[in-house]
Amino acid sequence: MKGKTVLLTGGTGGLGLGVTPKLVAQGASLTIPYRNTADVDRLKQHLSAEDFSKIQFVLLDLLDEAAVRQLIEDMGRVDVLIHLVGGFSMGATHEYDYEDWRQDLDLNLNTTFLACKYSLAKMRQQGYGRIVTVGSRGAVEPGPQLAAYCAAKAAVVALTQSIAAETRHTGITANCVLPSVIDTPSNRQAMGEEEAGTWVKPSSLADVICFLASEAAQDIRGAAIPVYGDI
């Protein structure tokens, strides 16, 4: 990843705490959009002052199409898009509020679309690119009380695979990881810690993501890779 220009969405989140340090250690040049200054401050605790200073942070709403387009234009070059932004929700389908459904699609799918759309346009100009998105085990094994989340993540997988099909013979790849439960502070708070030892560690999932984002993954296209831990 040395010298690669990387757009890392969600780099200040729970999974980002695993992915961001690995990318910095591998020599990537990172741009991280963020919404919450407190999350940036939390990430700062996981990096050396020197590494933290190498990251460009941009206050941005990833559902603002014009802002996303301008961000990517300002970057000049985008070698890699790693899209970590997403969110988990539960509720019985017959009771689920339509506005909550729309918000789930916005957070998990529509942010992915906008980041991919404009990064992909830049990558096509360059003749090189790596796109890595985050689906979910629920995308391929939907469960009860999870209709909105599983539908959104299944759509992320389909979007990624469509991009992979569109970009054959271009030097661009697009792949998706399918984690089960990720061992993040928010998941521990929401679900307790009794089973946390079986969950996927952010650093472990980060290894898979960073490989897919590397030049070495040139022959992997349209994959949806299970990363389930011991669940």
Leu43 reachable from Val58 in the ILVMFWY side-chain graph, under 4.5 Å edges: no
Hydrophobic cluster identity match, Val80 and Leu60, side-chain contacts under 4.5 Å: no
Shared hydrophobic cluster, Leu63 / Val85 (ILVMFWY, side-chain heavy atoms < 4.5 Å): no
Which atom of Pro33 lies closest to which atom of Thr9, heavy atoms considered: CD-CA, 4.1 Å
Greater than 12 external heavy atoms within 6.0 Å of Glu73's CD: no
Side chain to side chain, Met123 and Thr167, heavy atoms closer than 4.5 Å: no
Backbone N/O of Asp104 and side chain of Asn108: donor-acceptor pair under 3.5 Å: yes
Distance-only donor-acceptor check, side chains Tyr128 and Thr170, under 3.5 Å: no
Flag side-chain contact, heavy atom, 4.5 Å: Leu47 against Pro21: yes
ILVMFWY network linking Val208 to Leu178, side-chain heavy atoms under 4.5 angstrom: no
Interatomic spacing from CH2 in Trp199 to CD1 in Ile231 - rounded to 0.5 Å: 7.5 Å
Gln56 side chain to Leu30 backbone, donor-acceptor under 3.5 Å: no
Spatial distance of atom CG (Leu23) from atom CD1 (Ile82) [nearest 0.5 Å]: 4.5 Å
Carboxylate-amine/guanidinium proximity below 4.0 Å for Lys54 and Asp51: yes
Side chain Asn175, main chain Gly222, donor-acceptor under 3.5 Å: yes
Ser180 (side chain) donor-acceptor with Tyr228 (main chain) under 3.5 angstrom: yes
Atom pair CG/CG of Asp183 and Leu205 - distance to nearest 0.5 Å: 11.5 Å
Reference residue Leu84; test side-chain contact (heavy atoms from CB on, under 4.5 Å); the match among Thr20, Val177, Val19: Val19
Side-chain (Asp79) to main-chain (Thr5) donor-acceptor, under 3.5 angstrom: yes
Shared hydrophobic cluster, Val132 / Phe113 (ILVMFWY, side-chain heavy atoms < 4.5 Å): no
Asp207 and Lys22 ion-paired at < 4.0 Å: yes
Donor + acceptor pair across side chains of Asp74, Gln70 (<3.5 Å): yes
Heavy-atom pair with the smallest gap, counting every atom of Ser119 and Leu7: OG-CD2, 3.8 Å
Short side-chain to backbone donor-acceptor contact, Ser204 and Lys201, under 3.5 Å: no
Glu65 and Tyr118: side chain donor to acceptor below 3.5 Å: yes
Heavy-atom closest contact (Met90 atom, Leu146 atom, distance): CG-CD2, 3.6 Å
Over 12 foreign heavy atoms within 6.0 Å of CD, Glu99: yes
Test side-chain contact (heavy atoms from CB on, under 4.5 Å) applied to Leu120 and Ile163, step by step: CA-CA 9 Å; Leu120 183 58; Ile163 292 171; 4.0 Å; yes
Separation between OG of Ser186 and CZ of Phe88, rounded to the nearest 0.5 Å: 10.5 Å
Greater than 12 external heavy atoms within 6.0 Å of Glu195's CD: no
Contact summary for Gln26 and Cys210, nearest pair of heavy atoms: NE2-CB, 3.9 Å
Distance-only polar pair, side chains of Thr133 and Thr112, donor-acceptor under 3.5 Å: no
Those residues that, when tested against Arg102, pass salt bridge (Lys or Arg N to Asp or Glu O under 4.0 Å) (two or more places apart): none
For Pro142 against Cys150, the heavy-atom pair lying closest together: CA-SG, 3.7 Å
CA sep, side-chain torsions, deciding dist, call: Phe52, Phe57, side-chain contact (heavy atoms from CB on, under 4.5 Å): CA-CA 10 Å; Phe52 184 79; Phe57 293 95; 3.5 Å; yes
Within residues 218-228 or reaching into it, pairs that qualify as salt bridge (charged side-chain N to carboxylate O under 4.0 Å, His left out) - sequence neighbours excluded: none
Distance in Å, Ile32 CD1 paired with Ile55 CD1, rounded so as to fall on 0.5 Å steps: 4.5 Å
From Lys2 atom NZ to Ser29 atom OG, the distance as rounded to the nearest 0.5 Å: 13.0 Å
Arg137 side chain reached by Val227 side chain, heavy atoms, under 4.5 Å: no
Glu193 side chain vs Arg188 backbone, donor-acceptor pair below 3.5 Å: no
Main-chain N/O of Val134 paired with Lys153 side-chain donor or acceptor, under 3.5 Å: yes
Test log, rule side-chain contact (heavy atoms from CB on, under 4.5 Å), inputs Asp106 and Thr111: CA-CA 6 Å; Asp106 272 345; Thr111 61; 5.9 Å; no
Salt-bridge criterion met for Arg130 and Glu215 (N-O under 4.0 Å): no
Test side-chain contact (heavy atoms from CB on, under 4.5 Å) applied to Leu17 and Arg42, step by step: CA-CA 9 Å; Leu17 297 180; Arg42 180 180 62 171; 4.0 Å; yes
Smallest separation among heavy atoms of Leu62 and His83, with atom names: CD1-CE1, 4.5 Å
Any donor-acceptor pair under 3.5 Å from Asn187 side chain to Ile182 backbone: yes
